[in-house]
Amino acid sequence: MIATGIQLRRKFGVVAFVVAIPILNYLLISNGATIGQAIAISLCLVPTFVSALTGTLLRIGPKLNQDIQSLQGIEVTSNLGRLVLNVTVLFLFPFSSLAILTTGLSQIYANWRLRKLSVRHLTPRREPIPEVSSEIQSVVKRILPNTIYFCLSSQITIWIVSILGNPAQIAKIGALGRISVILSILVSIFATLVVPRFARMGQDPKRIAIRFYQIVTSLIILATMFNLLAWAFPSLFLILLGDKYAGLTMLLRWSLAAATFDVLNQVAKKLMNSRGLIIPPTIYIPLAIAAQTIALWSQDLTQIEGVFTAAILSSGFVFVVRNTYFISANREPKGAVFGPS
């Protein structure tokens, strides 16, 4: 199954790369980068992009078998290696393209160790299985439209600021995004510890619903505590960004609120996909576009606060849509997309 998944991912990856690179170069050049810098960044993205295609698939076996200690060891080692490379690049060759390249190199090392680890849990097979390929493609066809829309809509904040704002506003969004990354750790933890176990549950809809909302409620509580801490002590977070961004107290709160809804949507999406509960694109995309359009229309998009508010409104609505569909679709038993290896 892994060999089949890797083959399909590479095919999809080529298409995604061809589409994304021209857009990336356009945004870089329009915001002051030279053509040479844009090309260098694009080239240095290749190792990161290629290694990411296989990295997530190689984690499936260890995750389903809850070999968490081994996964954590690989993550810690590769991240320490990336840290060393980043520090070296920062002081000797301070170029953004090389910083991106260090991420790719550390991921290549992680993939090498993940391949050795996955052999413990999966039977090695180099050739794709046609039956498995057909089954995966049928699931991909159901997920793909929603995934494409999710990828595009999730970057709407940067796009709007890039078009209507200025480099200073983009820098503020980027700086605040570094703090919001702390919340994304929750997604990583839930994806590693919780989603595989949820996928392996039996076919009892009532038990599945109880566990789903236990997970979502736990995530809401953790994210709310984090937001309350940021509201009460914003200086503890802003000090991480330096004196230049010390005055972004309210923007920090808006940024974390928007990131919270994004995290809730990501985890709910992973949980539902693991059980094969995929919202039909004909329902999800029109509703999401309508919500996003209304949210954007109702706000002053020349101000960063307005952009964050629009993101909160549209993400909140999408979260409600996901939960509503889960309630309706979970009434009949459905098999998990990924069962135990």
Side-chain angles (χ1 to χ4, degrees), residues 1-14 16-17 44-88 100-133 135-137 139-140 143 147 181-182 184-201 215 263 266-267 269-271 273-276 335-341:
M1 181 178 289
I2 298 299
T4 306
I6 290 174
Q7 182 196 54
L8 291 174
R9 272 209 165 198
R10 285 172 178 168
K11 291 180 180 179
F12 296 142
V14 170
F17 196 76
C44 289
L45 272 174
V46 174
T48 305
F49 183 79
V50 172
S51 58
L53 291 176
T54 56
T56 51
L57 289 178
L58 293 172
R59 289 180 174 86
I60 290 177
K63 280 184 178 181
L64 287 176
N65 289 277
Q66 293 295 281
D67 192 355
I68 306 303
Q69 187 174 357
S70 298
L71 284 173
Q72 287 178 333
I74 294 172
E75 290 288 340
V76 170
T77 305
S78 64
N79 286 333
L80 284 175
R82 181 171 60 182
L83 176 62
V84 172
L85 290 173
N86 276 330
V87 171
T88 304
I100 293 170
L101 182 61
T102 61
T103 301
L105 295 176
S106 64
Q107 185 60 53
I108 289 172
Y109 167 76
N111 284 1
W112 172 69
R113 292 191 59 188
L114 284 169
R115 287 183 187 277
K116 296 174 65 176
L117 176 62
S118 64
V119 173
R120 300 182 197 172
H121 307 288
L122 301 170
T123 303
R125 185 185 179 95
R126 296 185 178 278
E127 297 298 325
I129 305 173
E131 294 79 8
V132 174
S133 179
E135 184 177 349
I136 292 176
Q137 288 186 58
V139 175
V140 168
I143 295 178
T147 302
V181 166
I182 299 174
S184 69
I185 295 174
L186 291 176
V187 178
S188 178
I189 293 173
F190 275 70
T192 302
L193 299 177
V194 179
V195 175
R197 295 183 180 184
F198 186 74
R200 295 170 62 179
M201 289 180 64
I215 295 169
V263 166
Q266 286 188 57
V267 172
K269 179 172 175 283
K270 288 179 182 294
L271 291 171
N273 286 352
S274 73
R275 301 297 310 181
V337 175
F338 300 109
S341 301

Quiz prompt | Listed once per pair and sorted, the side chain to side chain donor-acceptor pair (under 3.5 Å) pairs that draw on residues 187-198, sequence neighbours left out | solution = Gln66-Arg197
Practice problem: Please tell me if the side chains of Val194 and Lys270 come closer than 4.5 Å, counting only heavy atoms from C-beta onward. | Solution: no
Practice problem: Could you please spell out the steps behind the side chain to side chain donor-acceptor pair (under 3.5 Å) verdict for Thr102 and Asn86? | Solution: CA-CA 7 Å; Thr102 61; Asn86 276 330; 2.7 Å; yes
Quiz item: If you round to the nearest 0.5 Å, how far is CD1 of Ile100 from CG of Leu105?
Solution: 12.0 Å
Self-check item: Side chains of Leu101 and Pro47 in contact at under 4.5 Å (non-hydrogen atoms)
Solution: yes
Quiz item: Would Leu71 and Leu117 count as a side-chain contact (heavy atoms from CB on, under 4.5 Å) if you check the C-alpha gap in whole Å, the side-chain angles of each, and the deciding distance to 0.1 Å?
Solution: CA-CA 8 Å; Leu71 284 173; Leu117 176 62; 4.0 Å; yes
Self-check item: Pairwise distance CD1(Ile215) to CG(Leu271) - rounded to 0.5 angstrom
Solution: 5.0 Å
Quiz item: What residues, two or more places apart in sequence or in another chain, satisfy side chain to side chain donor-acceptor pair (under 3.5 Å) together with Ser78?
Solution: none
Quiz item: With sequence neighbours excluded, what pairs up with Tyr109 under the ring-ring contact (aromatic ring centres under 6.0 Å, His included) test?
Solution: none
Quiz prompt | By ring-ring contact (aromatic ring centres under 6.0 Å, His included) - contacts of Phe190 (at least two apart) | solution = none
Quiz prompt | Arg82 side-chain N/O to Gln107 backbone N/O, donor-acceptor pair under 3.5 Å | solution = no
Self-check item: Residue pairs involving residues 46-82 (criterion ring pair (Phe, Tyr, Trp, His ring centres under 6.0 Å); sequence neighbours excluded)
Solution: Phe17-Phe49
Exercise. Indicate the atoms forming the closest heavy-atom contact of Val195 with Ser274, along with that distance.
Key: CG1-CB, 3.9 Å
Quiz item: Among all residues two or more places apart in sequence or in another chain, which pass the side chain to side chain donor-acceptor pair (under 3.5 Å) test with Thr77?
Solution: Arg113
Practice problem: Could you check if a side-chain atom of Thr103 sits within less than 4.5 angstrom of a side-chain atom of Leu85, using non-hydrogen atoms only? | Solution: no
